[in-house]
Amino acid sequence: MSLSQHAQQICDILATLYPQAHCELEFSTPFQLLIATILSAQSTDAQVNKLTRRLFAKYPTVEAMAELSVEELEEQIKGVGLFRNKAKHIAATCQLLLSEYGGEVPKTREELMQLPGVGRKTANVVLANAFGIPAFAVDTHVLRVSKRLGLAQGSTPDQVEAEITALLPAGQWIDAHHRLIWHGRRICHARNPRCGECPLAPHCPSAKTEGEEHDE
DNA sequence: AACTCGGGGCA
DNA sequence: TGCCCAGAGTT
């Protein structure tokens with residue numbers, strides 16, 4: 001079986017496992033998704049949503065949020081991890097959106113990554129979920145699960161993104177991203193993957209039987 | 001490549 | 001309690 005056939009088989013099973021997999025951040029505009037995604041780094045979506053419900057009620061637009069100083073922003077987002085870095089980045093990003101992009105969220109990866117606090121993963125999440133532009137975001141779950149399933153061999157997120165996007169049709173990137181994450185959170189855990197109850201195990205080169213441990 | 005930020009989740 | 005994260009920036 002070719003690699004692309006193997007990949008398609010994995011994706012088909014993931015689709016039946018997680019037919020409703022989606023971005024769990026709450027937002028109503030591209031700007032709000034951008035902010036929520038910056039806030040979500042190393043944090044849970046539930047925590048971010050709890051916080052953004054307050055934040056977006058008071059400051060729903062870039063114009064409103066740009067009025068806040070870094071200190072005021074810190075106060076607003078206190079409670080999420082890394083909040084000092086994120087407050088600084090969000091303040092700078094709001095200013096840049098107004099001065100360079102007419103208050104709109106840019107729609108290219110290169111422009112998005114110019115924004116403070118926006119890296120490779122955040123840029124792709126915004127492209128995919130705010131604009132429906134095909135993009136495959138690689139975070140630690142996607143990196144780990146893709147490698148275990150034999151969909152990629154690279155060790156860096158950039159390498160894995162290149163491998164997957166070459167392997168799958170662009171129309172599948174967004175769903176594949178969410179399904180790999182959901183699988184990583186529910187079954188394919190970093191430490192103790194539950195291979196015994198994983199429907200992908202028969203097709204997984206890394207599947208372990210009960211008792212064995214993963215090395216990675 | 002390694003380090004830092006930081007509260008939450010999970011064993 | 002201790003360890004690790006649905007990352008990005010700096011050194």
Side-chain angles (χ1 to χ4, degrees), chain A residues 14 17-18 20-27 32-55 70-71 73-97 105-106 109-130 135-149 152 154-161 164 173-194 196 210-211 213-216:
Chain A
L14 284 171
L17 273 179
Y18 313 108
Q20 77 293 13
H22 60 275
C23 175
E24 300 190 280
L25 293 171
E26 297 172 3
F27 65 97
Q32 291 184 1
L33 177 62
L34 174 64
I35 299 304
T37 309
I38 292 174
L39 288 173
S40 76
Q42 302 293 101
S43 305
T44 64
D45 287 353
Q47 194 67 17
V48 171
N49 288 336
K50 194 169 76 176
L51 199 143
T52 54
R53 282 196 281 268
R54 288 195 289 112
L55 182 67
V70 174
E71 292 72 22
L73 216 33
E74 283 185 6
E75 194 59 33
Q76 290 296 320
I77 69 172
K78 195 180 332 180
V80 73
L82 315 180
F83 72 98
R84 274 182 266 269
N85 288 340
K86 291 171 182 175
K88 187 167 51 175
H89 291 150
I90 289 171
T93 284
C94 287
Q95 299 307 322
L96 207 52
L97 286 177
V105 177
R109 175 190 177 115
E110 290 69 29
E111 290 173 310
L112 283 165
M113 287 184 65
Q114 300 280 344
L115 302 171
V118 179
R120 177 202 76 255
K121 183 254 182 181
T122 300
N124 280 2
V125 166
V126 170
L127 289 176
N129 298 292
F136 186 81
V138 179
D139 52 40
T140 55
H141 283 309
V142 174
L143 184 67
R144 176 183 74 255
V145 177
S146 299
K147 289 184 66 173
R148 283 184 180 162
L149 288 171
S155 54
T156 71
D158 281 324
Q159 291 170 337
V160 170
E161 181 181 340
I164 303 278
W173 294 347
I174 297 175
D175 286 337
H177 161 73
H178 291 123
R179 287 166 183 159
L180 287 168
I181 288 175
W182 281 37
H183 191 61
R185 293 216 51 89
R186 286 159 182 74
I187 295 179
C188 197
H189 299 167
R191 303 256 196 2
N192 298 107
R194 304 159 73 172
E210 195 171 352
E213 300 249 337
H214 265 276
D215 331 294
E216 314 174 47

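Please read these numbers as outputs of a predicted model, since none were measured by experiment.
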For this session: Using the P atom on both, measure B/dG6 against C/dT1 and round to a whole Å.
Result: 23 Å
Exercise. Rounded to whole angstrom units, what separation is found between the NZ atom of A/K88 and the C1' atom of B/dC5?
Worked result: 10 Å
For this session: Would you kindly give the CD1-to-C1' distance between A/I77 and B/dC5, to the nearest whole Å?
Result: 12 Å
For this session: In whole angstrom, give me the gap between the P atoms of B/dT4 and C/dC3.
Result: 16 Å
Seminar exercise, completed: note: A/L82, atom CG; B/dC5, atom P; distance rounded to Å ~ 10 Å
Exercise. Taking only N and O in the side chain of A/S43, is any of them less than 4.0 Å away from OP1 or OP2 of C/dA6?
Worked result: no
For this session: Mind calculating the distance between CG (A/L51) and C1' (B/dG8) to the nearest angstrom?
Result: 13 Å
Problem set entry | Value in whole Å for how far the P atom of C/dC5 lies from CZ of A/R186 | 18 Å
For this session: Enter the distance from A/S40:OG to A/N49:CG here, rounded to the nearest 0.5 Å.
Result: 9.5 Å
For this session: Indicate, with a heavy-atom threshold strictly under 4.0 Å, whether A/G79 touches base, sugar-phosphate, or nothing.
Result: sugar-phosphate
Exercise. Quick one: does A/I90's side chain get under 4.5 Å of A/L39's, heavy atoms only?
Worked result: yes
For this session: Could you give the distance separating B/dG8 and C/dG9 at their P atoms, to the nearest angstrom?
Result: 24 Å
Seminar exercise, completed: From CD1 of A/I38 across to P of C/dG7 the rounded distance in Å is 14 Å
Problem set entry | 5' precedence on DNA chain B between A/F83 and A/A46 (nearest-nucleotide basis) | A/F83
Exercise. Once you round it to whole Å, what is the distance between P of C/dC5 and CG of A/D45?
Worked result: 16 Å
Problem set entry | Passing option when A/L112 is tested against A/L127, A/V125, A/T93 for side chain to side chain contact (heavy atoms under 4.5 Å, CB included) | A/L127
Exercise. Salt bridge between A/R185 and A/D139, side-chain N to carboxylate O under 4.0 Å?
Worked result: no
Exercise. Side chain of A/Q42, base of C/dA6: donor and acceptor closer than 3.5 Å?
Worked result: no
Exercise. Is the A/H183 to A/Y18 ring centre distance short of 6.0 Å?
Worked result: yes
Exercise. What distance, rounded to whole Å, do you find between the two C1' atoms, one in B/dA2 and one in C/dA6?
Worked result: 22 Å
Exercise. For the ring pair A/H22 and A/W182, is the centre-to-centre distance below 6.0 Å?
Worked result: yes
Exercise. Can you tell me how far C1' of C/dA6 sits from CG of A/L33, to the nearest Å?
Worked result: 12 Å
Exercise. Do A/L34 and A/L97 have side-chain heavy atoms sitting under 4.5 Å apart?
Worked result: yes
Each nucleotide N or O in nucleotides 8-11 of chain C that has a protein N or O under 3.5 Å away: list the pair and distance.
unit_1 : atom_1 : unit_2 : atom_2 : d
C/dA8  : OP1    : A/G119 : N      : 3.1
C/dA8  : OP1    : A/T122 : N      : 2.9
C/dA8  : OP1    : A/T122 : OG1    : 2.5
C/dA8  : OP2    : A/K121 : N      : 3.3
C/dG9  : OP1    : A/G117 : N      : 2.9

For this session: Check every atom of B/dG6, B/dG9, C/dG7 against the side chain of A/T44 and return the nucleotide holding the closest atom.
Result: B/dG9
